Amino acid sequence: MSDATLPPLRLTGRSGSHFTRVVRIVADELAVPLAFDVVHDLLSLDPADFAGHPAMKLPTLHVPRPSSTGGYSPLFGTENICRKLVESAGRADDPRVVLFPSSDLVRNAQELVWQAMAAQVQLVIGVRIGKLPAESPFFAKMTLGMLGSLAWIDERLPSVRAALGPENSRDLSLFEVTLFCLLEHIAFRPTVLLSGPAGPRFPSLHAFVQAFATRESAQRTVYAADPPKEVQ
């Protein structure tokens with residue numbers, strides 16, 4: 001394939017990955033086109049199956065090199081990729097795109113979302129797929145940590161969002177995208193209970209995810225199970 005026919009950016013990930021979905025929502029919101037390459041075997045131990053990611057993680061963005069060199073350069077990690085997408089959209093200095101707010105309250109909330117997203121992956125792979133005991137100290141503490149983080153954010157969510165600025169003053173915030181993707185992933189691959197007999201356990205989070213789900217970018221990136229790789 002010549003450089004002239006290469007898509008501008010390629011994303012390696014999974015349709016059922018919350019880290020991947022964050023990138024896809026951000027790209028959609030910024031109108032940055034992405035080609036999408038699926039990692040078919042999440043449990044593979046071969047970095048080649050993850051498009052060369054040495055840690056075998058998701059996602060990876062492949063950025064075209066200058067035409068004199070050709071091919072792509074990899075960019076690892078959701079946060080790094082989102083920063084690159086904002087740059088690609090020419091909105092690095094746009095105050096309506098909030099990636100790294102100055103508020104410590106939002107920084108704390110964002111850190112808890114990242115930690116909960118990582119814990120979600122470990123619980124899905126370890127307990128749901130690997131069939132390891134959920135009551136082990138490792139997974140038990142992880143579960144309690146996730147619930148504690150969700151409770152902390154739920155209690156402060158109105159203040160956190162207010163610290164981002166008036167809602168009509170921003171088109172996109174990384175915190176809101178990551179929080180939405182986390183909550184929908186917990187519903188897609190249940191690890192902790194978000195509701196009980198009396199209704200939602202986290203009412204602020206419940207209302208937030210319902211509202212965010214109406215965005216076109218969320219509707220175009222709904223979680224799905226990728227098909228297995230076709231045998232050649």
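Throughout, residue positions are numbered sequentially from 1 according to the sequence presented. No experiment lies behind these values; they were computed from the predicted model shown.
- Annotation for Pro59 and Thr78: closest pair CD-OG1, 3.3 Å, computed over non-hydrogen atoms.
- Side-chain polar atoms of Ser73 and Arg65 form a donor-acceptor pair below 3.5 angstrom.
- Tested against Leu61, the residues Val23, Leu34, Thr12 include a single side-chain contact (heavy atoms from CB on, under 4.5 Å) partner, Leu34.
- Phe180 and Phe208 have perpendicular rings, their planes meeting at more than 60° on a 0 to 90° scale where under 30° would count as parallel.
- Ion pairing between a basic and an acidic side chain is recognised when a charged N comes within 4.0 Å of a carboxylate O; Arg215 and Asp28 show no such pairing.
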When you look at Thr20 and Arg14, which way does the side chain to side chain donor-acceptor pair (under 3.5 Å) test go after all the steps? CA-CA 6 Å; Thr20 302; Arg14 285 178 64 84; over 6 Å; no
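- Hydrophobic clustering of Ile, Leu, Val, Met, Phe, Trp and Tyr side chains at less than 4.5 Å, counting indirect connections, keeps Leu144 apart from Val127.
- Here CD of Gln210 is found 11.5 Å from CG of Leu183. Values are rounded to the nearest 0.5 Å.
- Ring geometry, Tyr223 versus Phe188: the interplanar angle falls under 30°, so the pair is classed parallel (tilted spans 30 to 60°).
- Leu157 and Ser204 make their closest contact through CD2-O, 3.6 Å (heavy atoms, listed as atom of the first residue, atom of the second, distance).
- A continuous path of ILVMFWY side-chain contacts below 4.5 Å connects Leu43 to Phe139, so both sit in one hydrophobic cluster.
- Counting heavy atoms from C-beta outward, Pro47 and Met56 have side chains that approach closer than 4.5 Å.
- The side-chain heavy atoms of Arg91 and Asp171, taken from C-beta on, include a pair separated by under 4.5 Å.
- Formation of a donor-acceptor pair under 3.5 Å by the Arg107 side chain with backbone atoms of Pro101 is found in this model.
- At least one side-chain heavy atom of Leu150 sits under 4.5 Å from a side-chain heavy atom of Leu182.
- Put simply, the side chain of Val160 does not reach to within 4.5 Å of the side chain of Ile153, judged on heavy atoms.
- Side-chain contact annotation: Ser44 with Asp49, donor-acceptor N/O pair under 3.5 Å present.
- Under the 4.5 Å side-chain contact rule for hydrophobic residues, Phe76 and Val32 do not share a cluster.
- At least one side-chain heavy atom of Glu79 sits less than 4.5 Å from a side-chain heavy atom of Trp114.
- In this structure, Arg24 is positioned above the aromatic face of Phe36, its NZ or CZ under 6.0 Å from the six-membered ring centre and within 45° of the axis.
- Side-chain contact between Ser173 and Glu176: present, with at least one pair of heavy atoms (C-beta onward) separated by less than 4.5 Å.
- For the pair Val22 and His18, the minimum side-chain heavy-atom distance is 4.5 Å or more.
- Ionic pairing of Arg220 and Glu216 is present here: one or more N-O contacts between side-chain nitrogen and carboxylate oxygen are shorter than 4.0 angstrom.
- By the 6.0 Å contact criterion, CG on Asp93 is open, its count of non-hydrogen atoms from other residues, nucleotides or ligands being 12 or less.
- Using a 4.5 Å heavy-atom cutoff, the side chains of Lys84 and Leu75 are in contact.
- Not one N or O on the side chain of Arg10 forms a donor-acceptor pair closer than 3.5 Å with the backbone of Val63.
- Follow the hydrophobic side-chain contacts under 4.5 Å out from Leu105 and you reach Phe202 in the same cluster.
- Between the side chains of Ser149 and Gln115, not a single donor N or O lies within less than 3.5 Å of an accepting N or O.
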